[in-house]
Amino acid sequence: FDRMVNSGRAIHDHEPGTARRALGMYRTAFWGVPARNTLDRATGILPELLYARLDELGIDFAVLYPTAGLTVTGVPDDELRRAMARAFNTYYAEAYAGLRDRLSPVAAIPMFTPEEAVAEIEHAVQVLGLKAVMLSGTIPRPLPGHEGSRAARWIDTLAHDSIHDYEPVWAACERLGVAATF
């Protein structure tokens, strides 16, 4: 992310965040991917290796919340977000298929609308066999009158001020026996 080009003007990584923020962009953290202890790094990436090391790590059973799933659930494009969530959850189900006696992957559920959330919860639980779901807890929505600006957003907390009624989501979680986790 050394340079981004916007309207012919280069934005350098060392510039203040003002230019990046104006575009709704951010700088990624450099400390999130340790490289010194490669065995531990690989353990966090490779399901079978994690499974093989559970006793060494002192873990009897692990519920695996999807860090990468946080970005999947926040993609603003409806079609892309739904496809990414479906692909992510399918990958999780397949990658941990033979390991679920000690590792339980958690499905990433987008919540832009109650209908998309219910559809993905039902797919994750009934089709993929996942036993836990992580719901997106806040939705950045376009500020009325500024729909074309990535920076002009309001945060929908899915509570009493939401533009949607999320009661069907809570009912689906109850019906399917999964906790609504965030």
Side-chain angles (χ1 to χ4, degrees), residues 26 28-29 31-34 40-142 153-182:
Y26 59 92
T28 58
W31 59 85
V33 186
D40 286 351
R41 177 68 183 139
T43 300
I45 297 172
L46 304 171
E48 283 93 7
L49 181 57
L50 173 59
Y51 188 87
R53 294 189 67 203
L54 287 173
D55 290 334
E56 173 191 345
L57 299 169
I59 298 172
D60 294 324
F61 188 86
V63 179
L64 306 169
Y65 279 85
T67 303
L70 294 171
T71 56
V72 167
T73 62
V75 172
D77 181 89
D78 294 339
E79 185 179 355
L80 181 59
R81 179 182 60 254
R82 290 176 180 150
M84 288 176 66
R86 184 64 52 96
F88 186 87
N89 293 332
T90 300
Y91 163 75
Y92 245 32
E94 291 174 2
Y96 292 91
L99 313 172
R100 293 199 203 164
D101 60 317
R102 297 187 68 189
L103 297 173
S104 184
V106 177
I109 308 297
M111 297 274 287
F112 277 68
T113 68
E115 295 78 18
E116 82 171 342
V118 170
E120 193 56 34
I121 291 167
E122 288 175 344
H123 182 79
V125 174
Q126 295 174 327
V127 176
L128 300 177
L130 299 177
K131 299 186 184 304
V133 297
M134 176 208 65
L135 309 174
S136 177
T138 59
I139 305 298
R141 300 201 191 273
R153 299 276 188 250
W154 67 279
I155 302 300
D156 184 352
T157 59
L158 315 180
H160 65 281
D161 284 338
S162 181
I163 60 173
H164 296 288
D165 175 8
Y166 281 90
E167 193 58 38
V169 177
W170 319 137
C173 288
E174 185 175 0
R175 176 173 44 84
L176 295 170
V178 293
T181 64
F182 298 85

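When the options Ile45, Leu99, Leu64 are evaluated for a side-chain contact (heavy atoms from CB on, under 4.5 Å) with Leu50, the one that passes is Leu64.
Residues that satisfy the side-chain contact (heavy atoms from CB on, under 4.5 Å) test with Glu167, not counting sequence neighbours, are Asp165, Trp170. For Arg82, the side-chain hydrogen bond (donor to acceptor under 3.5 Å, both in side chains) partners at least two apart in sequence or on another chain are Glu116.
Side-chain atoms of Asp77 and Met84, non-hydrogen and from C-beta on, never get closer than 4.5 Å to each other. Proximity of Met134 to Leu70: side-chain heavy atoms (C-beta onward) are separated by under 4.5 Å at one or more points. With contacts defined as side-chain heavy-atom distances shorter than 4.5 Å, the pair Arg175/Glu122 qualifies.
Nearest heavy atoms, Pro110 versus Ala85: CD-CB, 3.7 Å. The nearest pair of heavy atoms linking Val106 to Val133 is CG1-C, 3.4 Å. Pro105 and Leu103 get closest at one heavy-atom pair: CD-O, 3.5 Å. Heavy-atom minimum distance, Phe182 versus Gly137: CD2-CA, 3.5 Å. Across every non-hydrogen atom of Ala107 and Leu130, the tightest pair is CB-CD1, 3.7 Å. Ser162 and Tyr166 get closest at one heavy-atom pair: OG-CE1, 3.3 Å.
Residue Glu174 qualifies as open at atom CD: its count of foreign heavy atoms under 6.0 Å is 12 or below. With a 6.0 Å radius and a threshold of 12 heavy atoms from other residues, nucleotides or ligands, Gln126 has its CD atom above the threshold.
Note: Glu48 CD to Tyr96 OH = 9.0 Å, rounded to the nearest 0.5 Å. Here the CG-OG1 distance, from Leu135 to Thr181, works out to 6.0 Å after rounding to the nearest 0.5 Å. Distance CD1/Ile59 to OH/Tyr51: 13.0 Å, rounded to 0.5 Å. Rounding to the nearest 0.5 angstrom, the gap separating the CD1 atom in Ile139 from the CD1 atom in Ile155 is 9.0 Å. For the atom pair CE of Met111 and NE2 of His164, the computed distance is 10.5 Å after rounding to the nearest 0.5 Å. With values rounded to the nearest 0.5 angstrom, Thr73 atom OG1 is found 7.5 Å from Phe112 atom CZ.
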Does the pair Lys131 and Val178 meet the rule for a side-chain contact (heavy atoms from CB on, under 4.5 Å), with working shown?
-> CA-CA 6 Å; Lys131 299 186 184 304; Val178 293; 5.6 Å; no
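Although no hydrogens or angles enter the test, the distance criterion places no donor-acceptor pair under 3.5 Å between the side chain of Arg141 and the main chain of Ile163. The main-chain N or O of Ala108 is found under 3.5 Å from a side-chain atom of Asn89 such that the two form a donor-acceptor pair.
The stretch residues 56-68 participates, sequence neighbours left out, in these salt bridge (Lys or Arg N to Asp or Glu O under 4.0 Å) pairs: Arg53-Glu56.
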